[in-house]
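These notes are about the structure you will find just below.
Each chain gets a letter, A, B and so on, in the order its sequence line appears, and its residues count up from 1.
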Amino acid sequence: MPKAAQTPLGRTARLLDLVPYLASHQGIELLSLAKEFDVSQSQMVADLTTLWMCGLPGYTPLELMDLSFESGFVTIHNAETLAHPRTLSDEESIALLLGLDLVIESLPSDRQDLKAIALDLVARLSARSSVPAKLSAIPVIPGSVRATIQSALRTKSSLEIVYHSSYSDIVSTRVVTPIELRDDNGFEYLWAACQSARAFRSFRLDRMQSAINKTSTAATGISTTTDENFEIDYTLRIHSRPREAMERFRFESSDLEADVEISSFSDEWIRRSVLASSGSVEIVQPQAIRTAIGKAARLILDRYEAN
Amino acid sequence: MPTVSRKIERLINLTIALLATKRYLTKSEIFKSVDGYEGSAETKERMFERDKDDLRNLGVVIEVGSFDPVFEDEAGYRIKPERYSLDLGEITGVQIALLSLAAQAWRGAALDDAAHSALTKLRSIGVESDLDAVPAITPRLNAAHSDFVVITTAISKRQRISFTYLSSSLERQSRIIEPFAIATKNSHWYVAGNDTEKSQVRTFRLDRIEGEITSMTVLGGYEIPEGFDVFESLSNLQSATVATIDIRKGKAQLLRNTALSIVDKGEWDQITVEYFDSQTLIDLVLWHGEDALVKAPIELCKDVITKLHEIVLLHA
């Protein structure tokens, strides 16, 4: 869906950038050109028609830019003045600098050569803009894991993943057939048919320790109902550190006036989260979980006292 | 919209004329030679002032000067090609490939449009991207605050930003900072800068900012310390301590992943980890329940025991 700016200034910027792009891509198809600039074909024709009227003072055919695009392929001549790409804006420099930092952190450790080239680019870009060089982006997910998932999605093949489940604290190897990547609360998930569990599951990408492509065909006979599909309602009382509680248990700050009612798919998760809140929150309901947490804490205490 | 097209044509023609000239062009020369300046002297004057502002907003640097510095001539205008054009020095196909990866990391995220237009400019250099030379990695930056661009613009223009920040006790605090840098780690974005009220460098997590971020221009701007690093400034606040923790074999992965050393003790492994904030480590140890027990330092042990007593008491 084309979405490029249609304001006069946005169009002017696009026309200025069109000239050097055309000069370095003579004979490009109108369709690919429109795609590169994220506009419809008719908008691109309108842009080219406007450009056609521009040139050096005098504005005779000798001075005007010479464009041809009737054949569906675009060429430009007599456009030397604008033929160099424009300098990067600060926003563009920031986008590239942060992106490069992420690339540097994601490169495999045996590619020091590429790291050096990327670092040199960072130095060149920041020397030419008013942006400080130290913009850090540290990747959450190893680049190789994502590349493997994406290729499996494309080829509809299966993956063998080594996955760390944080609730059960178990690292397991599973064979999954990827369906799609999803975003939730800033985390990325792979929604997949898990052949090991014979059910659909979602896996957080940053918890995957590795992913290998398996060429086997997709699994069959997987049911969409899983044993994790019923919600547990529980009531939480916040005693201190409210912001941590809000972020850990994911509720809105406006709920804070009284006890908070939330739900979760896993009592294991509730138990661990309450323990990990170090006494800043209390489970009011259900009684069973409340008792279980008290017992669990007592058991750990016994271990410390036994030492 | 013929009038809109006329305006765009005039801006392009003005850019070309000012770029092509080797000397400063006076206003009267511009009105005479550049296509599109019509009407009364006053109208033309207004048109030209607006056009100059528009081009400057597009990042085009228009220099003002005169023919002869000795005499106070009428001011003239030109665009220096070296300031107009992108110049990154010699560029190879491998470099273009790395820059493409960098730009693609923004797919669907805050600076997607800027990354895309940057990439178009880089492709216009006319060097083919050598994709085979780089490994098949596709790093990605996650979505950030909707006012992300306000922060990046403020950093580049040295503007102050103000916002409402949710403190750890959930107070809504008004903050005004001079932003130095923006960075991401563990799926969270951070902005660091000089807190004008406290006169100290502070770091803020973007998802704890409530509502809009607004920027304001300060006279004279401010300096960003050379080589400023968000995460270094975070870890400099406290010095690191090393803790010894027993973890059950095959368990406590989150702790195991950060271990400095691991010693096999049969049913258990003894690990050492570095920590800056004891509460953060205690939370993480307790998440693992019976599978992780703190051994040293002794103060940390005592703190864990105190917290466990509190949990027992609360759930009695």
Within the side chain of Lys121(B), is there an N or O that forms a donor-acceptor pair under 3.5 Å with the backbone of Thr87(A)?
yes
Might you confirm whether atom NE2 of His84(A) has over 12 heavy atoms from other residues, nucleotides or ligands at distances under 6.0 Å?
no
Could you check whether any side-chain heavy atom of Leu125(A) comes within less than 4.5 Å of a side-chain heavy atom of Leu99(B), counting everything from C-beta outward?
yes
Engaged part of Arg241(A) at the chain B interface, taking heavy atoms whose separation is under 4.5 Å:
both
For chain A, which of Ala133(B), Pro81(B), Cys301(B) has the most heavy-atom pairs under 4.5 Å?
Ala133(B)
Most chain A-contacting option - heavy-atom pairs closer than 4.5 Å, from Gly289(B), Ser33(B), Ser168(B), Gly126(B):
Ser168(B)
State, to 0.1 Å, how close Ile8(B) and Pro8(A) come at their nearest heavy-atom pair, and which atoms those are.
CG1-O, 3.8 Å
Please check this pair: side chain of Arg243(A) against backbone of Leu170(B), looking for a donor-acceptor N/O pair closer than 3.5 Å.
no
So, Glu36(A) versus Thr120(B): side-chain donor-acceptor pair below 3.5 Å or not?
yes
Which atom names give the shortest non-hydrogen contact between Val34(B) and Tyr59(A), and what distance separates them?
CA-OH, 3.4 Å
Residue pair Glu91(A), Leu111(B): steps toward the side-chain contact (heavy atoms from CB on, under 4.5 Å) verdict
CA-CA 8 Å; Glu91(A) 205 176 302; Leu111(B) 296 182; 3.9 Å; yes
Which pair of non-hydrogen atoms, one from Leu107(A) and one from Pro135(B), has the smallest distance, and what is that distance?
CD2-CG, 3.9 Å
Give the member of Val285(B), Val94(B), Thr152(B) that has the highest number of heavy-atom pairs under 4.5 Å with chain A.
Thr152(B)
Rounded to the nearest 0.5 Å, what's the gap from CZ on Arg11(A) to NZ on Lys7(B)? Could you check?
13.0 Å
Asp291(B)/Arg303(A) salt bridge by N-O under 4.0 Å criterion
no
Locate the shortest heavy-atom distance separating Val304(B) from Tyr304(A); write the atom from each residue and the value.
CG1-OH, 3.6 Å
Side chain from CB out, backbone as N, CA, C, O: work out which of these in Ala252(B) comes under 4.5 Å of a heavy atom of chain A, or both, or neither.
both
Got a sec: does the CD of Glu305(A) have more than 12 other heavy atoms crowding it under 6.0 Å?
yes
Between Leu58(B) and Ala13(A), the two heavy atoms sitting closest are CD2-CB, 3.8 Å
Measure the spacing between OG1 of Thr12(A) and CG of Leu55(B) and express it to the nearest 0.5 Å.
8.0 Å
Not counting sequence neighbours, list each pair that qualifies as a salt bridge (charged side-chain N to carboxylate O under 4.0 Å, His left out) and has a residue in residues 83-98 of chain B.
Glu63(B)-Arg83(B)
Could you check whether atom CD of Glu128(B) has more than 12 heavy atoms from other residues, nucleotides or ligands sitting under 6.0 Å from it?
no
Indicate every side-chain donor-acceptor pair of residues 305-316 of chain B with a distance under 3.5 Å to a residue at least two apart or in another chain.
unit_1	atom_1	unit_2	atom_2	d
Thr306(B)	OG1	Lys302(B)	O	2.8
His315(B)	ND1	Ile311(B)	O	2.9
His315(B)	NE2	Ile283(A)	N	2.9

Please determine, among Pro57(A), Gly294(A), Ser278(A), Gly279(A), the option with the most heavy-atom pairs under 4.5 Å with chain B.
Ser278(A)
Criterion side-chain contact (heavy atoms from CB on, under 4.5 Å) on Asp35(B) and Met53(A), from CA distance to verdict
CA-CA 10 Å; Asp35(B) 205 16; Met53(A) 308 301 291; over 6 Å; no
Would the number of heavy atoms belonging to other residues, nucleotides or ligands and lying under 6.0 Å from CH2 of Trp52(A) be above 12?
no
Counting heavy-atom pairs under 4.5 Å to chain B, which of Val19(A), Val281(A), Leu275(A), Leu56(A) comes out on top?
Leu275(A)
Between Ile16(B) and Thr81(A), the two heavy atoms sitting closest are O-CG2, 3.7 Å
Using modelled atom types only, decide if a donor and an acceptor are shared between the side chain of Arg124(A) and the backbone of Leu88(B) within a distance under 3.5 Å.
yes
Is the closest side-chain donor-acceptor distance between Glu92(A) and Ser117(B) under 3.5 Å?
yes
Does the Tyr84(B) side chain pair with the main chain of Pro85(A), one donor and one acceptor, at a distance under 3.5 Å?
no
Under 4.0 Å between a Lys/Arg side-chain N and an Asp/Glu carboxylate O for Glu247(A) and Arg205(B)?
yes
At a 4.5 Å cut-off on heavy atoms, which part of Thr49(A) comes close to chain B: side chain, backbone, both, or neither?
neither
